[in-house]
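Each remark here refers to the structure printed beneath this line.
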Protein chains: 2
Amino acid sequence: MVGVTAAEHAPGVDAAPARRRGRRPGGADTRGALLNAARAVFAERGFDGATVRLIAERAGVDPAMVNHWFGGKEALFTAALDLPADPATLIAQVVPGDPERLGERIVSRFLTVWDHAGGGRPLAALIRSVASHETAARMVREFVTRVLLRRVVETVAPDRPDLRAALVGSQIVGLGMVRYVLRLEPLASADHPTVIAAVAPTLQRYLTGPLDGTGS
Amino acid sequence: MVGVTAAEHAPGVDAAPARRRGRRPGGADTRGALLNAARAVFAERGFDGATVRLIAERAGVDPAMVNHWFGGKEALFTAALDLPADPATLIAQVVPGDPERLGERIVSRFLTVWDHAGGGRPLAALIRSVASHETAARMVREFVTRVLLRRVVETVAPDRPDLRAALVGSQIVGLGMVRYVLRLEPLASADHPTVIAAVAPTLQRYLTGPLDGTGS
DNA sequence: GTCTATACAACGATAGAC
DNA sequence: GTCTATCGTTGTATAGAC
């Protein structure tokens, strides 16, 4: 083991003043410190470039705290972005089942989560930062590609999985924009079965259908 | 919409203190004044609520100037939003032709215009304001429903034209977000034929296809 | 005494250097 | 191909709160 963090906390080295084990005296908001550090580091280095160890160091705590408080790097990212649910978890729930109905399950779950979670407030915030800062765009882009879409598509994709993933993302993002941010009727108020019937076939074709102009 | 544009700019109505006819002395930036007034009034009252006469009055010029400098209320709106092209004009160019290939023409035109117009800068700005201010959202929403989508869909739509229009909008907006703002690969760099082959069938189904779960 | 927040050590995977 | 550095994650012992 090589590592940096704790390996050389040997006495008398320097820096970290020999954190003692066990629960810290009091008032130490480790969770909050991690969140702040995560926002900063994710913004600076993107999702891949930000390491759990760096975030923990910035927060002045042990890397294992990320797991303890959030469950992992992905969940920490989700929390730092104030998303109503952890997308990675949703994906895991949505993927198993008939691949020919995956599009249906995706739309359905998307609608349920976002309808339930205070309309489009968090979505609008996210979209705003993506449209404002290139760093935010990079952050989200890496997360989406590395964590989300890849997992969905690689389970079913016959060819061009990355393109299929991006297409799925485009329809989902567009649906979110129109329904929750722009609030364009009648899509903004349409019930779930209506939206699912309309949009699920699109996702399904992006996932498993032909991508050239042949069969619609 | 009522008879708005320049029809009734009859002299001596009220308000403005008896402007003389003919070219004004000099230096009067009528175009810029109209733009500023338009941004303010559109933001305050939405697209429908903002009248050409009110905008002109706010700018201290004659309503006919809107037609002279911009060509109409819609084009003024487009200019106020800094869009690279007048969507209403694009629609007019895209609608005629085989209705079964309308989706194809829409994607194609969309790609051409936005690829040509400095990437996603203006699109990001537009999306940012829509996500930030409810007034901006209302403004765009009204414009999109009243002016854009309706015109496309009513030329071909068998049933539920408004829903179809919103669905088309969702895929277009999502494509713009992913390709130009988020820059998600490989969709961000895909050539036009690839994108058209992938997305056009979606738009075509939204336009003229079945909206329930039957034939994909 | 119990519970839990914490620190430390180590594992398997991965990517790049040589 | 081997080696090494670093990653995310897991296991476990301990210190302090309750």
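By convention in this document, chain letters (A, B, ...) are assigned in the order of the sequence lines, proteins followed by strands, and residues within each chain are numbered from 1.
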- request: Give the rounded distance in Å between these two atoms: CG of A:Asn67 and C1' of D:dT12.
  value: 14 Å
- request: Could you state the atom-to-atom distance from CD1 of A:Ile55 to P of D:dT9 in whole Å?
  value: 11 Å
query: Which nucleotide sits closest to the side chain of A:Ala64: D:dG8, C:dT6, D:dG11?
result: D:dG11
Interatomic distance, A:Met65 CE vs D:dT9 C1' [rounded to whole Å]: 13 Å
query: Should the ring pair A:Trp114 and A:Tyr180 be called parallel, tilted or perpendicular, given that the plane angle runs from 0 to 90° and is split at 30 and 60?
result: tilted
query: Between D:dT9, C:dA7, D:dG8, which one does the side chain of A:Arg53 approach most closely?
result: D:dG8
message: Without decimals, in angstroms, what is the distance between A:Phe42 CZ and D:dG8 C1'?
response: 12 Å
- request: Could you tell me, to 10°, how much the axis swings from one end of the helix from C:dG1-D:dC18 to C:dC18-D:dG1 to the other, five pairs per end?
  value: 10°
- request: Round to the nearest Å and state the distance from A:Leu34 atom CG to C:dA7 atom C1'.
  value: 14 Å
query: Just how far, in rounded Å, is P of C:dA15 from CG of A:Asp48?
result: 11 Å
- request: Check whether any side-chain N or O of A:Glu142 sits under 3.5 Å from a backbone N or O of A:Asp48 as a donor-acceptor pair, and report yes or no.
  value: yes
field: Of the listed nucleotides D:dG8, C:dT6, C:dA7, the one nearest the side chain of A:Lys73
entry: D:dG8
- request: Using whole Å, report how far CH2 of A:Trp69 lies from P of C:dA7.
  value: 12 Å
query: Any side-chain donor paired with an acceptor under 3.5 Å for A:Thr135 and A:Glu44?
result: no
message: So that I can tick it off, tell me whether B:Arg179 and B:Asp115 are bridged by a salt bridge, with the cut-off set at under 4.0 angstrom between side-chain N and carboxylate O.
response: yes
- prompt: Which part of the nucleic acid does A:Ala50 contact within heavy-atom distance under 4.0 Å: base, sugar-phosphate only, or nothing?
  reply: sugar-phosphate
statement: Separation of D:dG8 atom C1' from A:Glu142 atom CD, nearest Å, is 16 Å
- request: Give a yes or no on whether the backbone of A:Glu74 and the side-chain of A:Thr78 come within a donor-acceptor separation of less than 3.5 Å.
  value: yes
query: Between B:Val195 and B:Leu175, is any pair of side-chain heavy atoms under 4.5 Å apart?
result: yes
- request: Name the closest nucleotide to the A:Asp62 side chain, picking from D:dG8, C:dT6, C:dA7.
  value: C:dA7
- prompt: So, are A:Glu134 and A:Arg141 salt-bridged, with charged N and O less than 4.0 Å apart?
  reply: yes
- prompt: Are OP1 or OP2 of C:dT6 and a side-chain N or O of A:Thr30 less than 4.0 angstrom apart?
  reply: yes
